[in-house]
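The block underneath contains the structure these notes are about, expressed in structure tokens.
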Amino acid sequence: MSYVDGFVAPVPTDRLGDYKKMARLAGKIWMEYGALAYSECVADDVKPGKVTSFPQSVKLKPNEVVVFSWIVYKNRRERDRIMKKVMEDPRLAAFSDPKALPFDGKRMFFGGFKPIVEY
């Protein structure tokens, strides 16, 4: 069974182009190291909820949009191997400084998931 990393982040609408540029580079690198799939999606039909929601989860501010991303790996061991290589890749070094990110990394959340149903 595969393994999935999921990410949710608030991105300022005026920085969405910068985010896409960063995501294209990151996706290329993840795929080079062996990820099976890489997706970055911008909120389209996402409304604030009464208790919780994607906008509430990142404390979405005016002029921001939620981005939901995921990466699929063969298994957890492959994810750990690939993640180590990605984090060491010099092409992403510029983004190691939080000020260089085109979004507020403090309000991003992420984690690794074991699928329970796959088709």
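Worth knowing before you read on, the calculation uses all heavy atoms, side chains too, and leaves out hydrogens, waters and symmetry mates.
- A perpendicular orientation is assigned to the rings of W30 and F7, their planes being inclined by more than 60° (bins at 30° and 60°).
- Side-chain contact between V11 and P102 is absent, with no heavy atoms from C-beta onward closer than 4.5 Å.
- Between F95 and L25 the shortest side-chain heavy-atom distance falls below 4.5 Å.
- In this view, Y33 satisfies the ring-ring contact (aromatic ring centres under 6.0 Å, His included) rule with no residue, not counting sequence neighbours.
- Each of K85, R91, K84 was evaluated against E88; a single residue qualifies, K84, per the salt bridge (charged side-chain N to carboxylate O under 4.0 Å, His left out) test.
- Taking 4.5 Å as the limit, some side-chain heavy atom of I82 sits within range of a side-chain heavy atom of Y73.
- Remark: N75 CG to K114 NZ distance equals 12.5 Å, nearest 0.5 Å.
- For the pair S39 (side chain) and W70 (backbone), a donor-acceptor distance under 3.5 Å is absent.
- Take S2 and apply the side chain to side chain donor-acceptor pair (under 3.5 Å) test, not counting sequence neighbours, and it matches E118.
- Using a 4.5 Å cut-off on side-chain heavy atoms (C-beta onward), V58 and E64 make no contact.
- With salt bridges taken as basic N to acidic carboxylate O contacts below 4.0 Å, one links R76 and D80.
- The closest side-chain heavy-atom distance from K20 to V42 is not below 4.5 Å.
- Classification of D97 and K99 as a salt-bridged pair fails, no side-chain N sitting under 4.0 Å from a carboxylate O.
- When side chains are defined from C-beta on, D14 does not count as touching N63, because their heavy atoms never get closer than 4.5 Å.
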